[in-house]
Amino acid sequence: MDDAHSFDTFESDAATPLDEVMQKIAEHKGCGTSGGSGKASCGSGAGQSDMPAEIWEKVKNHPCYSEEAHHHYARMHVAVAPACNIQCNYCNRKYDCANESRPGVVSEKLTPEQAAKKVLAVASAIPQMTVLGIAGPGDPLANPAKTFKTFELISEAAPDIKLCLSTNGLALPDHVETIKKFNVDHVTITINMTDPDIGAEIYPWVFWKHKRVTGKDAAKILTERQLQGLEMLTANGILCKVNSVMIPGINDDHLVTVNREVKSRGAFLHNIMPLISSPEHGTVFGLNGQRGPSAQELKALQDRCEGEMNMMRHCRQCRADAVGLLGEDRSAEFTTEKIMEMDVNYDLTARQAYQSRVEEDRVAKVAARNAELEELAGENADIAILVAVATKGSGRINEHFGHAKEFQIYELTSSGAKFVGHRRVDLYCQGGYGEEDSLETIIRAINDCTAVFVAKIGHCPKDDLIAAGIDPVDQYAYEFIEQSAIAYFKDYLARVKDGEIIHVARGDADIRQGAFIPV
Ligand code: CLF
Ligand code: SF4
């Protein structure tokens with residue numbers, strides 16, 4: 001067990017009554033990264049006081065719907081839905097659903113019964129796993145019998161686990177009643193366009209009323225069904241997130257319109273994700289050289305849409321069989337073979353006790369952030385910087401530079417620290433030595449950052465980072481991220497004011513997909 005899954009990092013030893021904990025969380029505005037003053041950019045976008053209590057209950061420990069929750073709570077997917085009813089030009093059927101996963105074959109397809117067993121096994125081993133999602137590898141609603149049988153089995157065996165569904169939306173209006181019946185309270189629809197001319201460039205066909213429909217007609221059917229399904233769900237009080245794949249030159253500008261359309265139909269959250277288009281994935285876009293966005297292009301579009309509604313920026317484009325915190329993948333620990341040998345003990349009381357301690361840590365984190373923020377108050381510098389953070393969870397800087405598979409990116413301004421994204425990287429440390437080729441790709445991935453916060457770093461990468469103009473910072477090892485980032489920014493502003501350093505805007509950075517991660 002590593003730090004992210006143990007109690008090692010929990011500081012609080014006094015047991016705080018749960019009501020008090022919840023009250024403190026309620027006082028925490030936004031989902032923890034807004035820096036106190038601005039609108040939160042992420043997941044829930046607002047705290048308990050800004051939304052009905054039942055909605056707060058739904059988002060507070062959902063790692064996708066609350067950015068702040070994603071540091072602490074895990075999700076799992078079960079791959080029970082192999083078939084799909086449309087074709088997207090960014091998808092190859094041999095791989096996971098690109099809507100909800102980074103490319104990679106699903107290791108195993110499961111029956112509903114195997115899936116239920118797997119959920120209990122994971123829930124026993126990972127007590128902070130709070131959400132079960134069905135997201136492919138095809139479309140869950142093109143496989144309704146398997147999808148809903150799985151939900152039924154899990155809701156009977158593990159009623160504390162939230163049920164989540166991700167769909168392309170074509171079949172959605174036909175299943176809204178069943179979604180309600182099984183208490184699926186979070187639904188994601190991938191909507192990449194509302195204009196059929198644009199849709200025809202993304203979707204070669206849809207399978208509709210027993211026929212394959214192509215071109216603009218296909219896109220027209222798809223957008224009508226998606227928007228109808230969204231309206232039906234929100235009218236029934238089901239929390240909806242919209243995922244959109246940003247495809248430069250095809251739908252990038254248009255996604256601002258999509259954002260408005262889905263907001264007007266009650267969507268709670270919009271997740272604009274970069275296109276994954278490596279040629280080796282064998283997709284139409286990958287093979288015809290369609291590029292994905294750069295880090296700056298993605299952020300600029302997310303920023304443009306942020307005034308309209310809550311934006312999700314912490315999506316990891318997960319595999320359809322992902323297990324663990326967003327950004328980690330523990331699926332290899334829970335193969336069917338291993339689960340059959342596991343002693344599964346689904347202990348609801350133990351899960352609740354663990355989660356109460358997680359809540360205590362969240363409260364401590366917010367209090368530390370707010371205290372630091374108070375000291376920043378009054379700074380009106382027109383300076384914004386990005387910093388990269390190596391973390392393996394709990395909202396702390398608790399990962400070594402060489403072991404980081406991704407860096408979380410925070411924007412620091414005089415309003416505070418705001419989570420604005422993450423970058424996958426190749427591991428620097430491979431088998432005990434540093435890999436220079438990896439270091440180059442890491443620097444490209446965080447090139448827009450002024451500093452990188454780590455728990456530990458060796459001399460060689462330190463020197464290369466400094467040469468690239470990135471400040472390697474290990475003085476906040478194992479501390480809370482936001483508190484540390486604000487403290488660093490205060491010091492940065494002071495050094496700029498004193499003329500000790502000159503503030504310079506950094507350049508663009510690569511969004512790396514499919515980075516090498518040894519298992
Ligand atoms: Fe899974 Fe999706 Fe539910 Fe989350 S993932 S079905 S809403 S539980 Fe989350 Fe993964 Fe992004 Fe999806 S990070 S790909 S948004
Ligand atoms: Fe692939 Fe998902 Fe599109 Fe179906 S909906 S083609 S599985 S990306």
Worksheet entry | Results of side-chain hydrogen bond (donor to acceptor under 3.5 Å, both in side chains) for R75 - residues two or more places apart only | none
Worksheet item: Taking N398 for the side chain and K392 for the main chain, is one N or O donor matched with an acceptor at less than 3.5 Å?
Response: yes
Practice prompt. Check side-chain contact (heavy atoms from CB on, under 4.5 Å) between A451 and all other residues, then give those that pass, not counting sequence neighbours.
Written response: V387, F453, D471, V473, Y488
Fill in: Non-hydrogen atoms of T147 and P140 that approach each other most closely
OG1-O, 2.8 Å
Worksheet item: Any idea which heavy atoms bring A267 and T234 closest together, and the distance?
Response: N-CG2, 4.2 Å
Discussion item. Test of understanding: with side-chain hydrogen bond (donor to acceptor under 3.5 Å, both in side chains), list the residues that count as partners of E411, not counting sequence neighbours.
Written reply: K299
Practice prompt. With sequence neighbours excluded, tell me which residues meet ring pair (Phe, Tyr, Trp, His ring centres under 6.0 Å) with H422.
Written response: none
Item to complete: Would you check if the side chain of N236 reaches a backbone N or O of M232 as a donor-acceptor pair within less than 3.5 Å?
Response: yes
Discussion item. Given 3.5 Å as the limit, does a donor-acceptor pair link the side chain of H70 with the main chain of E67, or not?
Written reply: yes
Discussion item. Contact between V78 and L132 at the side-chain level, heavy atoms closer than 4.5 Å - yes or no?
Written reply: yes
Item to complete: For G507 and D448, work out which heavy atoms get closest and say how close.
Response: O-CB, 3.1 Å
Practice prompt. Could you tell me whether the side chain of L170 reaches within less than 4.5 Å of the side chain of Y203, counting heavy atoms only?
Written response: no
Practice prompt. Kindly indicate whether the side chain of D195, heavy atoms from C-beta on, has any atom under 4.5 Å from the side chain of T257.
Written response: no
Worksheet entry | Test item: side-chain donor near acceptor, T336 and E108, under 3.5 Å | yes
Worksheet entry | L141 side chain near L165 side chain, heavy-atom distance below 4.5 Å | yes
Discussion item. When you compare the side chain of K109 with that of K146, does any pair of heavy atoms fall below 4.5 Å?
Written reply: no
Practice prompt. Locate the shortest heavy-atom distance separating I457 from L465; write the atom from each residue and the value.
Written response: CD1-CD1, 3.6 Å
Worksheet item: V262 and T194: side-chain contact (heavy atoms from CB on, under 4.5 Å), yes or no, with the steps?
Response: CA-CA 10 Å; V262 301; T194 54; 5.8 Å; no
Response to the item:
Sequence neighbours excluded, the answer for side-chain contact (heavy atoms from CB on, under 4.5 Å) partners of E440 is none
Discussion item. I'd like to know if the side chain of N251 reaches the main chain of M193, judged simply by a donor and an acceptor atom lying under 3.5 Å from each other, with no hydrogens or angles considered.
Written reply: no
Practice prompt. List for me each residue that meets ring pair (Phe, Tyr, Trp, His ring centres under 6.0 Å) alongside H62, sequence neighbours excluded, and say none if there are none.
Written response: Y65, H186
Worksheet item: Between N447 and D508, is there a donor-acceptor pair closer than 3.5 Å when you use the side chain of the first and the backbone of the second?
Response: yes
Discussion item. Quick one, K338 with E341, criterion salt bridge (Lys or Arg N to Asp or Glu O under 4.0 Å). Give me CA distance, side-chain angles, the key distance, then yes/no.
Written reply: CA-CA 5 Å; K338 287 178 182 164; E341 290 166 9; over 6 Å; no
Worksheet entry | Qualifying residues under side-chain contact (heavy atoms from CB on, under 4.5 Å), relative to D252, sequence neighbours excluded | M246, P248
Item to complete: Indicate whether the side chain of T130 and that of N61 have a donor and an acceptor atom separated by less than 3.5 Å.
Response: no
Discussion item. Can you give me the closest heavy-atom contact between C449 and R506, atom names plus distance?
Written reply: O-NE, 3.2 Å
Worksheet item: Can you find a heavy atom in the side chain of S438 that is under 4.5 Å from one in the side chain of L427?
Response: no
Response to the item:
Scanning both residues in full, the closest heavy-atom pair of R313 with F419 reads O-CE2, 3.4 Å
Practice prompt. Ignoring hydrogens and angles, tell me if any N or O in the side chain of D185 forms a donor-acceptor pair with the backbone of L239 under 3.5 Å.
Written response: no
Fill in: R444 atom CZ, over 12 foreign heavy atoms within 6.0 Å
no
Worksheet item: Just by distance, with hydrogens left out, do T190 and N168 show a side-chain donor and acceptor under 3.5 Å apart?
Response: no
Response to the item:
Sequence neighbours excluded, the answer for side-chain contact (heavy atoms from CB on, under 4.5 Å) partners of A116 is L153, I154
Worksheet item: So, the side chain of S277 versus the backbone of Q290: is there a donor-acceptor pair under 3.5 Å, distance only?
Response: yes
Discussion item. Are V454 and H400 packed together at the side-chain level, in the sense that at least one heavy-atom pair is separated by less than 4.5 angstrom?
Written reply: no
Worksheet item: H314 side chain to P63 main-chain N or O, any donor-acceptor pair under 3.5 Å?
Response: yes
Worksheet item: Which residue pairs pass the side chain to side chain donor-acceptor pair (under 3.5 Å) test when at least one of the two sits in residues 217-233, sequence neighbours left out?
Response: D174-R225, K220-E224, E231-R265
Discussion item. Treating Q87 as the side-chain partner and C91 as the backbone partner, does any N or O pair qualify as donor plus acceptor under 3.5 Å?
Written reply: yes
Fill in: Residue that, paired with M273, satisfies side-chain contact (heavy atoms from CB on, under 4.5 Å) out of N243, L298, I511
N243
Item to complete: Taking the side chain as every heavy atom from C-beta outward, state whether S155 and L163 have any atom pair closer than 4.5 Å.
Response: yes
Discussion item. Holding to ring pair (Phe, Tyr, Trp, His ring centres under 6.0 Å), I want the full list of residues that pass it with F401, two or more places apart in sequence or in another chain.
Written reply: F407, Y428
Discussion item. H254: which residues meet the ring pair (Phe, Tyr, Trp, His ring centres under 6.0 Å) condition with it, sequence neighbours left out?
Written reply: none
Discussion item. Test of understanding: with side-chain hydrogen bond (donor to acceptor under 3.5 Å, both in side chains), list the residues that count as partners of R291, not counting sequence neighbours.
Written reply: E297
